[in-house]
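Everything below concerns the one structure shown next.
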Amino acid sequence: MWSNLILLHATDPKTQILDDSRVEVWQTCQRTLVFTDKRIFPMEEGNERFFDGWEVHQGYDAYRFLLEVVSGLRSKLFGESEIQAQFRDRFREENTNGSNFALSLLRLRDQILEQTKQIRSKYLTGIGRQTYGSVTESYLQNHKEVTLLGTGKLVDSILPYLVSKQKQVKLIGRNQNRLLELNQLYPNITTYHWEDYQPKNEAIVIASSFLPFNWDEMIRSASIILDFRENSGTNNGYSHYVPLSQILNDLQETDEQIQSVKMDLQYFLTELTREREEEQLHIINGWEDLLV
């Protein structure tokens with residue numbers, strides 16, 4: 001069924017997004033994936049592996065690559081579960097362009113999610129701290145007051161953990177509607193617009209690519225800062241500043257277990273992909289029988 005699938009993949013945020021009605025685009029904080037079909041978006045001869053700066057995956061190689069992405073196997077935080085929800089939400093029917101190809105992607109979504117559950121239950125249960133929320137909570141065990149910067153998808157992963165640990169959470173953002181929505185979901189948090197917030201001595205979690213205008217004052221007064229931005233750089237001389245690179249390094253305690261799991265997963269992924277290929281063969285044979 002997915003022998004005609006094409007995935008264009010990029011991790012460079014500068015890569016130009018394709019503006020084409022024949023494709024569906026999915027963006028996360030770590031990567032961009034463009035979905036299309038070679039029958040409506042034929043690849044030029046000789047450009048099968050790379051296309052205008054995009055890494056290209058085709059057919060069942062594309063299916064397997066997508067399975068690895070949605071399972072969190074290609075995330076910087078190995079096995080993280082947030083990516084699965086992001087994929088599901090992106091390919092809700094109302095979020096596609098309504099084309100025939102987009103509708104077929106809903107079936108792809110269901111199959112990928114089905115096999116992702118198999119991967120997670122069989123190999124990823126108990127592998128370290130697999131969510132950004134659980135990682136955040138592990139750093140902030142001794143911090144009662146927490147300021148969370150941002151209102152995007154990452155906040156959806158972090159906020160429930162903070163609330164469940166009875167933290168006093170201040171949510172800072174620019175999108176007033178989103179602040180109101182999150183305040184309704186979590187009535188015990190306090191929300192502020194960027195320009196209205198005055199920093200105090202508290203823990204700060206950066207879950208946004210934008211920083212408030214009084215950032216210098218905020219970083220000096222904070223007791224600890226966790227920065228989940230991809231390109232947050234160095235600690236800028238602050239001993240209480242923890243960039244994403246350091247967070248990932250601190251998770252090396254589970255590395256040996258992860259390496260063992262990765263080896264086992266290669267065989268399992270091959271089997272899951274083969275199932276889909278064989279399913280396609282059965283469908284073709286079935287139609288041939290009907291046409292005889």
Side-chain angles (χ1 to χ4, degrees), residues 28-30 71-73 75-89 116 120-121 123-173 178-179 181-192 197 199-212 218-219 221-230 232 235 238-258 261:
T28 73
C29 60
Q30 295 186 21
S71 299
L73 307 183
S75 299
K76 290 195 173 183
L77 183 58
F78 179 81
E80 56 107 349
S81 55
E82 283 87 356
I83 190 71
Q84 182 177 352
Q86 292 176 22
F87 175 71
R88 180 196 62 222
D89 292 343
T116 297
R120 298 198 65 81
S121 63
Y123 291 101
L124 300 181
T125 302
I127 295 294
R129 292 165 284 182
Q130 294 173 300
T131 71
Y132 291 102
S134 58
V135 169
T136 300
E137 194 277 323
S138 70
Y139 277 95
L140 302 182
Q141 293 181 23
N142 299 321
H143 297 267
K144 185 65 175 177
E145 297 183 8
V146 180
T147 294
L148 181 56
L149 305 182
T151 55
K153 287 291 185 181
L154 187 53
V155 169
D156 289 331
S157 303
I158 295 175
L159 190 53
Y161 276 84
L162 298 179
V163 172
S164 69
K165 298 299 179 180
Q166 287 78 52
K167 306 289 186 184
Q168 296 175 18
V169 180
K170 297 174 183 176
L171 183 64
I172 316 299
R178 181 69 170 142
L179 286 172
E181 176 188 340
L182 290 168
N183 206 171
Q184 291 174 338
L185 286 173
Y186 305 100
N188 291 330
I189 69 173
T190 306
T191 61
Y192 296 85
Y197 177 69
K200 296 180 180 179
N201 183 20
E202 57 205 358
I204 294 177
V205 180
I206 304 175
S208 170
S209 58
F210 298 96
L211 296 178
M218 184 177 287
I219 195 171
S221 63
S223 56
I224 184 174
I225 295 176
L226 300 183
D227 192 344
F228 283 97
R229 291 176 299 162
E230 280 289 302
S232 55
N235 63 14
Y238 294 99
S239 60
H240 61 295
Y241 176 85
V242 185
L244 179 60
S245 57
Q246 182 178 330
I247 294 171
L248 296 173
N249 287 336
D250 290 344
L251 296 176
Q252 292 303 308
E253 62 191 53
T254 58
D255 188 57
E256 289 186 10
Q257 187 180 6
I258 287 174
V261 167

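In what follows, residues are counted from 1 in the order of the sequence shown. Heavy atoms only: backbone and side chains are in, while hydrogens, waters and symmetry mates are out.
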Can you name the residues that form a side-chain hydrogen bond (donor to acceptor under 3.5 Å, both in side chains) with [X], not counting sequence neighbours?
X    : value
T147 : Y197, E202
S223 : H143
K200 : none

Side chains of [X] and [Y], heavy atoms from C-beta outward: is any pair under 4.5 Å?
X    : Y    : result
Y139 : V205 : no
V169 : L159 : yes
F78  : L124 : yes

Under 3.5 Å side-chain donor-acceptor pair for E80 and S75: yes
Side chain to side chain contact (heavy atoms under 4.5 Å, CB included), that's the test. Do V155 and L148 meet it? Break it down for me. CA-CA 8 Å; V155 169; L148 181 56; 3.8 Å; yes
Test V163 against N188 for side chain to side chain contact (heavy atoms under 4.5 Å, CB included), laying out the working first. CA-CA 8 Å; V163 172; N188 291 330; 5.7 Å; no
To the nearest 0.5 Å, atom OH of Y132 lies from atom CD1 of I83 at 8.5 Å
Does anything in residues 135-146 form a salt bridge (Lys or Arg N to Asp or Glu O under 4.0 Å)? List the pairs, not counting sequence neighbours. none
Heavy atoms only: give me the nearest [X]-[Y] pair and the separation to one decimal.
X    : Y    : result
I189 : N183 : O-ND2, 3.3 Å
L154 : A207 : CD2-CB, 3.8 Å
S81  : R120 : CB-NH2, 3.5 Å
S208 : G150 : CB-CA, 3.7 Å
L179 : Y192 : CD1-O, 3.6 Å

Under a 3.5 Å distance rule, please check whether Q166 uses its side chain to pair with a backbone N or O of S164 as donor and acceptor. yes
My understanding is that only residues two or more places apart in sequence, or in another chain, count here; which of them pass ring pair (Phe, Tyr, Trp, His ring centres under 6.0 Å) with Y186? none
Under the ring pair (Phe, Tyr, Trp, His ring centres under 6.0 Å) test, residues paired with Y161 that sit two or more places apart: none
As a quick check of understanding, evaluate side chain to side chain contact (heavy atoms under 4.5 Å, CB included) for T191 and L182, giving each step before the final call. CA-CA 9 Å; T191 61; L182 290 168; 5.7 Å; no
Sequence neighbours excluded, which residues qualify as side-chain contact (heavy atoms from CB on, under 4.5 Å) partners of S71? L67, L73, T116, I119
Residues forming a side-chain contact (heavy atoms from CB on, under 4.5 Å) with Q184, sequence neighbours excluded: L180
Which residues satisfy the salt bridge (charged side-chain N to carboxylate O under 4.0 Å, His left out) test with [X], sequence neighbours excluded?
X    : result
K167 : none
K153 : D89
R178 : D156, E181

Please test L140 against L226 for side chain to side chain contact (heavy atoms under 4.5 Å, CB included), starting from the C-alpha separation and ending with a verdict. CA-CA 9 Å; L140 302 182; L226 300 183; 4.2 Å; yes
